[in-house]
Asks: 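Okay, handing you the structure first.
A, B, ... follow the sequence lines: proteins, then strands. Residue 1 opens every chain. Side chains included, hydrogens not; waters and symmetry mates left out as well; all remaining heavy atoms used. Keep in mind it's a predicted model, so treat the numbers as computed, not measured.
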2 protein chains.
Amino acid sequence: MAILGRLSRLQQLVSTEQKRTFAAHGLDAPSFDVLATLRRSDPPHLLTPAELMRSAMVTSGAITQRLDRLEGRGLVTRAPSESDGRSVVVGLTDEGRALIDRALPDHLATEERLLGALTRPERDALAGALRGLLESLGDAEAR
Amino acid sequence: MAILGRLSRLQQLVSTEQKRTFAAHGLDAPSFDVLATLRRSDPPHLLTPAELMRSAMVTSGAITQRLDRLEGRGLVTRAPSESDGRSVVVGLTDEGRALIDRALPDHLATEERLLGALTRPERDALAGALRGLLESLGDAEAR
DNA sequence: CCAATGTAGCTCAGCGCTAAGCTATCCCGG
DNA sequence: CCGGGATAGCTTAGCGCTGAGCTACATTGG
């Protein structure tokens, strides 16, 4: 089983490299994750903590703390939901949106660089294999 | 770039599943990693903290703390190196070896289960792609 | 031979996450 | 209409890791 060990090592290398990119924009990985998830969501780019939690695959406490930090920096806003008294709506501030819009191109360039060794067909095959595995493990959000 | 995102999600799912297996033997992932690395090394299964550090891709401080915990439980031993005054030699105790020998088959079964969705050729292709990526990123220990 | 540089391992403060538990709200079936 | 289970979000203690810094030992070049 030389697959899962390599998966873990590769993820480790990749995330270390990505951290460097995030840091160049004053971000860390958890913050980038939240901002990018909001940015990728349909306009008007509003999500609940529960949605962010499912996307990030972390516990609710982790999302609470991520949002605390981002809100403290003025990058996201929290407002009570109008339709569900338990829920909260998270949105990007102008500053948060400007920041993630600066960081995203760099992030994509890093991805491209990390995958540079693979040809297009190889990438497609790899993406397909990963997708298949994710689905077999019941990952609902296997995008 | 649907690859790196899936890689991260997959690694998350896999490691959560593996944790469950480790816990069934009274282990967590870091402890399992150290014991399994020692067990897989050539007899007499002795490694230095520096070697464990490179294998696990964590900092030296992390290895120190992992070894503190394992030594405290009586699963590994630390002895000063005879050939290098800076170095330490880590070995498995009888108990440590017995424990990892019980846990490893379960771990392999978990791997097999997680990869159940892939056929043999699919696995080979995936393993090859991951290996290629690791090498392109300069991972010396891409086994 | 020794000064300079590199390597090995340890220490510790700080950080983000989990796990468990809490309150408040929603929603379904009886 | 209401009781009970599910869901949303927050809190907090505890944990493992990083990053920076330290000491001791090894190695290399002049």
Asks: Give the ring-plane orientation class for A:F22 versus A:F32, where under 30° counts as parallel, over 60° as perpendicular and anything between as tilted.
Replies: parallel

Asks: Whether B:R123 and B:E112 form a salt bridge (side-chain N of Lys/Arg under 4.0 Å from carboxylate O of Asp/Glu) is what I want to check.
Replies: yes

Asks: For the CD1 atom of A:I63 and the CG atom of A:L67, what is their distance to the nearest 0.5 Å?
Replies: 6.0 Å

Asks: Taking CG from B:D28 and P from D:dC15, how many angstroms apart are they, rounded to a whole number?
Replies: 11 Å

Asks: Taking CD from A:Q12 and C1' from D:dT18, how many angstroms apart are they, rounded to a whole number?
Replies: 11 Å

Asks: So if I take residues 77-91 of chain A and measure heavy-atom distances to DNA chain D, which residues fall below 4.0 Å?
Replies: A:R78, A:R86, A:S87, A:V88

Asks: Is there a donor-acceptor pair closer than 3.5 Å between any side-chain N or O of B:S15 and the backbone N or O of B:Q11?
Replies: yes

Asks: To the closest 0.5 Å, what do you measure between OG (B:S136) and CG (A:L114)?
Replies: 8.0 Å

Asks: As a test of reading the structure: which of D:dA8, D:dT11, D:dC17 is closest to the side chain of A:D68, going by heavy atoms?
Replies: D:dT11

Asks: Could you tell me the boundaries of the chain A footprint on DNA chain C, defined by atoms under 4.0 Å from its heavy atoms?
Replies: C:dG16 to C:dC26

Asks: Using a 3.5 Å distance criterion without hydrogens, assess whether the side chain of B:S41 forms a donor-acceptor pair with backbone atoms of B:L38.
Replies: yes

Asks: Taking atom P of D:dA8 as reference, at what distance in whole Å does atom CD1 of A:I63 sit?
Replies: 13 Å

Asks: Counting only non-hydrogen atoms, which of residues 13-25 of chain A are less than 4.0 Å from DNA chain D?
Replies: none

Asks: Pull out every protein N or O sitting under 3.5 Å from an N or O of nucleotides 12-14 of chain D, one pair per line with the distance.
Replies:
from   : atom 1 : to    : atom 2 : distance (Å)
D:dT12 : O4     : A:Q65 : NE2    : 3.4

Asks: Strictly below 4.0 Å, N to O, side chains only: are A:D68 and A:R78 in salt-bridge contact?
Replies: yes

Asks: With a 3.5 Å distance limit and no angle check, can you tell me whether A:T110 reaches the backbone of A:D106 through a side-chain donor-acceptor pair?
Replies: yes

Asks: Considering only heavy atoms and no angle criterion, is a donor-acceptor pair shorter than 3.5 Å present between the side chain of A:S60 and the base of D:dC10?
Replies: yes

Asks: For a quick test of reading the model: is some side-chain N or O of B:R69 closer than 4.0 Å to OP1 or OP2 of D:dC17?
Replies: yes

Asks: In whole angstrom, give the distance that lies between atom CG of B:L67 and atom C1' of D:dC17.
Replies: 14 Å

Asks: If we fit an axis to the first five pairs and another to the last five of the helix from C:dC1-D:dG30 to C:dG30-D:dC1, what angle do they make, to the nearest 10°?
Replies: 30°

Asks: Verify, without hydrogens or angle tests, whether A:E122 (side chain) and A:T119 (backbone) share a donor-acceptor contact under 3.5 angstrom.
Replies: yes

Asks: Ion pair present between B:D101 and B:R39, side-chain N to carboxylate O less than 4.0 angstrom?
Replies: yes

Asks: Atom CG of A:L47 and atom C1' of D:dA8: how far apart are they, to the nearest Å?
Replies: 15 Å

Asks: Does the side chain of B:S81 pick up a donor-acceptor pair with the side chain of B:D84 at under 3.5 Å?
Replies: no

Asks: Is any side-chain N of the basic residue among A:R54 and A:E51 closer than 4.0 Å to the acidic one's carboxylate O?
Replies: no

Asks: So that I can tick it off, tell me whether B:E17 and B:R113 are bridged by a salt bridge, with the cut-off set at under 4.0 angstrom between side-chain N and carboxylate O.
Replies: yes

Asks: For the pair A:T48 (side chain) and A:V89 (backbone), establish whether a donor and an acceptor sit closer than 3.5 Å, ignoring hydrogens and angles.
Replies: no

Asks: Can a donor-acceptor pair be found, under 3.5 Å and without considering hydrogens, that links the side chain of A:R9 to the backbone of B:S55?
Replies: yes

Asks: Output all residues satisfying ring pair (Phe, Tyr, Trp, His ring centres under 6.0 Å) with B:H45, sequence neighbours left out; order by chain, then residue number.
Replies: none

